[in-house]
**Q** 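Structure provided below as structure tokens; questions to follow.
Positions are given from 1 along the sequence.
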Amino acid sequence: MNASATGTVSLRAAAQACRFHIGAAVAVRPLLEDPRYGEVLAREFTMVTAENAMKWPHLRPSRGVFDFSGADEIVRFAERHGMRVRGHTLVWHHGNPKWLEQGAFDRRETAALLREHIYTVVGHYRGRVAYWDVVNEAVGDATEPLRQSFWLRQLGPEYLDLAFRWAHEADPAAKLVYNDYGAEGLNEKSERVFALVRGLLERCVPIHGVGLQMHVNLSATEWLPDLAQNMERLAALGLEVQVTELDVRLKKPIDAADRQAQAALYADILRTCLAAPGCSALVLWGFTDRASWIPHYYENHDEALIFDREYAPKPAHAALVKVLRERCTPLR
Ligand code: G3I
């Protein structure tokens with residue numbers, strides 16, 4: 001399936017002349033099993049993120065074993081097709097393997113395990129992963145500056161500094177990102193994210209960017225008017241900003257008007273990102289509704305992505321192409 005087969009220009013072609021990456025999260029199984037998945041991915045995107053394959057349970061099935069098989073498939077695919085890779089994620093409160101969380105390790109042992117993990121994983125992909133989501137979702141949703149987690153309990157707040165420093169040691173050329181959700185606009189959580197990354201910079205911790213995940217829906221868009229200002233203040237710290245996990249879930253029953261409204265929201269976000277200083281990439285959390293986390297996690301929602309289950313482009317695809325063609329800054 002080439003771009004003309006769909007009757008539309010691809011995102012990749014529209015973004016080609018720009019200093020900007022348009023990406024998608026990738027799952028290993030459809031990449032290996034469904035040729036259409038890889039065709040559309042390579043045709044449409046300039047960047048990939050591993051949706052799950054670089055998380056602890058996938059890379060570390062047991063304490064002594066590193067399994068890079070799934071993640072390597074994604075990285076090799078990206079290299080074959082001239083795409084950049086975002087690594088996701090080295091430190092997360094969610095989904096850590098049982099052997100780790102229930103292993104009764106003391107502080108020193110936990111630190112050694114984390115350092116070993118970061119050195120091995122980042123080292124394995126040294127020079128091949130452009131951006132790492134080093135720490136994911138560390139800020140609390142309520143009022144606490146840092147979320148309660150295995151890492152906070154075991155290592156204290158210092159775990160963030162350590163993770164970024166070790167990642168930098170393992171690959172000095174990789175750009176290191178703090179990634180979170182619910183911090184898109186100007187709100188209490190984005191204040192805490194801002195304070196966190198400013199603190200890291202003040203302590204000379206190597207951090208280069210902030211990822212705004214953006215798992216959003218049409219009924220709660222109060223963050224949208226503040227998005228530009230939030231991106232600007234992060235860029236003013238000298239950081240890159242990336243939209244890292246964008247999807248726009250629709251509430252069932254879903255009709256054509258919902259898909260048009262979804263397209264408009266996708267376009268607004270891309271337009272804001274292209275206009276913001278330092279916004280270097282927009283990455284979708286998948287690209288086909290055939291392979292999306294949304295229906296598994298939200299009973300009444302679906303169709304969050306820009307291609308349908310048969311890989312036909314939806315209105316959101318055309319809307320993103322149009323914005324790229326109108327607004328992206330040509331390379332000089
Ligand atoms: O692979 C197994 C499969 O063998 C089994 O049959 C099936 C039964 O439930 O589970 C499959 O694993 C699931 C995996 O996704 C692959 O689909 C896990 O249970 C499920 O927990 C896992 O969910 C992922 C989730 O992170 C937790 O790691 C989602 O795919 C992934 O989209 C989601 O991504 C996160 C980002 O990393 C961070 N930001 C939020 C975002 C959405 O939650």
**Q** What pair of heavy atoms forms the shortest contact from A183 to N230, and how long is it?
**A** O-ND2, 2.8 Å

**Q** If you round to the nearest 0.5 Å, how far is CD of E51 from CH2 of W293?
**A** 9.5 Å

**Q** For the side chain of K189 and the backbone of Y181, is there at least one donor-acceptor N/O pair under 3.5 Å apart?
**A** yes

**Q** One thing to verify: whether R36 and E310 come together as a salt bridge, which I'm taking to mean a side-chain N less than 4.0 angstrom from a carboxylate O.
**A** yes

**Q** Are W151 and L146 co-members of a hydrophobic cluster defined by side-chain heavy atoms under 4.5 Å apart?
**A** yes

**Q** Rounded to the nearest 0.5 Å, what's the gap from CG on N52 to CG on L59? Could you check?
**A** 11.0 Å

**Q** Is any side-chain heavy atom of K314 less than 4.5 Å from a side-chain heavy atom of D289?
**A** yes

**Q** Could you tell me if N136 and H94 have a donor-acceptor pair between their side chains, going purely by distance under 3.5 Å?
**A** no

**Q** Calculate, to the nearest 0.5 Å, the distance between atoms CG and CD belonging to L224 and E184 respectively.
**A** 10.5 Å

**Q** If we ignore hydrogens and angles and just use 3.5 Å, is the side chain of Q154 paired with the main-chain N or O of F105 as donor and acceptor?
**A** yes

**Q** Side chain to side chain contact (heavy atoms under 4.5 Å, CB included), that's the test. Do L100 and W56 meet it? Break it down for me.
**A** CA-CA 9 Å; L100 176 66; W56 272 76; 3.7 Å; yes

**Q** S190 and N187: side chain to side chain donor-acceptor pair (under 3.5 Å), yes or no, with the steps?
**A** CA-CA 5 Å; S190 69; N187 56 34; 3.3 Å; yes

**Q** I need the minimum non-hydrogen distance between A138 and Y159, along with the two atoms involved.
**A** CB-OH, 3.2 Å

**Q** Would a distance-only check, ignoring hydrogens and angles, find a side-chain to backbone donor-acceptor pair under 3.5 Å from N217 to A220?
**A** yes

**Q** Please determine, by modelled atom types, if Y131 and E240 share a side-chain donor-acceptor pair under 3.5 angstrom.
**A** yes

**Q** Does any non-hydrogen side-chain atom of L41 lie less than 4.5 Å from one of F77?
**A** yes

**Q** Counting distance only, does the side-chain N/O of R192 pair as donor-acceptor with the main-chain N or O of A142 below 3.5 Å?
**A** yes

**Q** Which of parallel (below 30°), tilted (30 to 60°) and perpendicular (above 60°) describes F287 and F45?
**A** tilted

**Q** Could you check whether E116 pairs with R60 (Lys NZ or Arg NE/NH1/NH2 to Asp/Glu carboxylate O, under 4.0 Å)?
**A** yes

**Q** Would you say the side chain of F307 lies within less than 4.5 Å of the side chain of Y37, judging by non-hydrogen atoms?
**A** no

**Q** Have N179 and E245 got a donor and an acceptor in their side chains that come within less than 3.5 Å?
**A** yes

**Q** Are the side chains of M231 and C273 in touch, meaning some heavy atoms are under 4.5 Å apart?
**A** yes

**Q** How are the rings of H88 and W285 set relative to one another: parallel (under 30°), tilted (30 to 60°) or perpendicular (over 60°)?
**A** perpendicular

**Q** Decide, yes or no, whether a salt bridge links R43 with E39 under the criterion of side-chain N to carboxylate O below 4.0 Å.
**A** no

**Q** Does a side-chain N-to-carboxylate-O contact under 4.0 Å join R309 and E303?
**A** no

**Q** With a 4.5 Å cut-off on side-chain heavy atoms, are R259 and I254 touching?
**A** yes

**Q** Quick check on E326: does its CD atom have over 12 non-hydrogen neighbours (other residues, nucleotides or ligands) under 6.0 Å away?
**A** yes

**Q** Count the heavy atoms of every other residue, nucleotide or ligand shown that sit under 6.0 Å from CZ of R29, and state whether that count exceeds 12.
**A** no

**Q** Measure the shortest side-chain to side-chain distance between I306 and L11 over non-hydrogen atoms and say whether it is less than 4.5 angstrom.
**A** yes

**Q** Are the aromatic rings of F164 and Y178 close, with centres under 6.0 Å apart?
**A** no

**Q** Any donor-acceptor pair under 3.5 Å linking the side chain of D258 with the backbone of D255?
**A** yes

**Q** Mind running side chain to side chain contact (heavy atoms under 4.5 Å, CB included) on L282 and Y266 for me, showing each step along the way?
**A** CA-CA 10 Å; L282 181 141; Y266 267 107; 5.8 Å; no

**Q** Shared ILVMFWY cluster between W166 and L90, side chains joined below 4.5 angstrom?
**A** yes

**Q** Ignoring hydrogens, what is the shortest heavy-atom contact between V91 and A163? Give both atom names and the distance.
**A** CG2-CB, 3.8 Å

**Q** Answer yes or no: is there a side-chain heavy-atom contact under 4.5 Å between L152 and R147?
**A** no

**Q** If you count the non-hydrogen atoms of other residues, nucleotides and ligands that lie under 6.0 Å from CZ in R107, is the total more than 12?
**A** yes

**Q** Check the pair T244, Q213 against side chain to side chain donor-acceptor pair (under 3.5 Å), reporting the backbone distance first and the verdict last.
**A** CA-CA 5 Å; T244 49; Q213 292 187 5; 5.7 Å; no

**Q** Take atom NZ in K175; do more than 12 heavy atoms of anything else shown fall under 6.0 Å from it?
**A** no

**Q** Check this for me: E188, atom CD, are more than 12 non-hydrogen atoms of other residues, nucleotides or ligands nearer than 6.0 Å?
**A** no

**Q** Between the side chain of D247 and the main-chain N/O of R249, is any donor-acceptor distance below 3.5 Å?
**A** no

**Q** In terms of hydrophobic clustering (I, L, V, M, F, W, Y; side-chain heavy atoms under 4.5 Å; direct or indirect links), are V48 and V177 co-clustered?
**A** no

**Q** Consider only side-chain heavy atoms of I, L, V, M, F, W and Y, link residues closer than 4.5 Å, and tell whether V243 and M47 are in one cluster.
**A** no

**Q** What verdict does the side chain to side chain contact (heavy atoms under 4.5 Å, CB included) test give for R86 and H21, after you've listed the backbone C-alpha separation in whole Å, the side-chain angles of each residue and the deciding distance to 0.1 Å?
**A** CA-CA 11 Å; R86 299 190 82 264; H21 283 286; over 6 Å; no

**Q** Charged N to carboxylate O under 4.0 angstrom, R233 versus E191?
**A** yes

**Q** Tell me whether the rings of F68 and F66 are parallel (<30°), tilted (30 to 60°) or perpendicular (>60°).
**A** parallel

**Q** Do the side chain of R126 and the main chain of A170 share a donor and acceptor less than 3.5 angstrom apart?
**A** yes

**Q** Is there a chain of hydrophobic side chains (I, L, V, M, F, W, Y, each step under 4.5 Å between heavy atoms) that links V40 to L320?
**A** yes

**Q** Flag the pair R76 and E73 as a salt bridge only when some basic side-chain nitrogen lies within less than 4.0 angstrom of an acidic carboxylate oxygen.
**A** yes

**Q** Kindly indicate whether the side chain of V205, heavy atoms from C-beta on, has any atom under 4.5 Å from the side chain of R165.
**A** yes

**Q** For the pair T46 (side chain) and M83 (backbone), establish whether a donor and an acceptor sit closer than 3.5 Å, ignoring hydrogens and angles.
**A** no

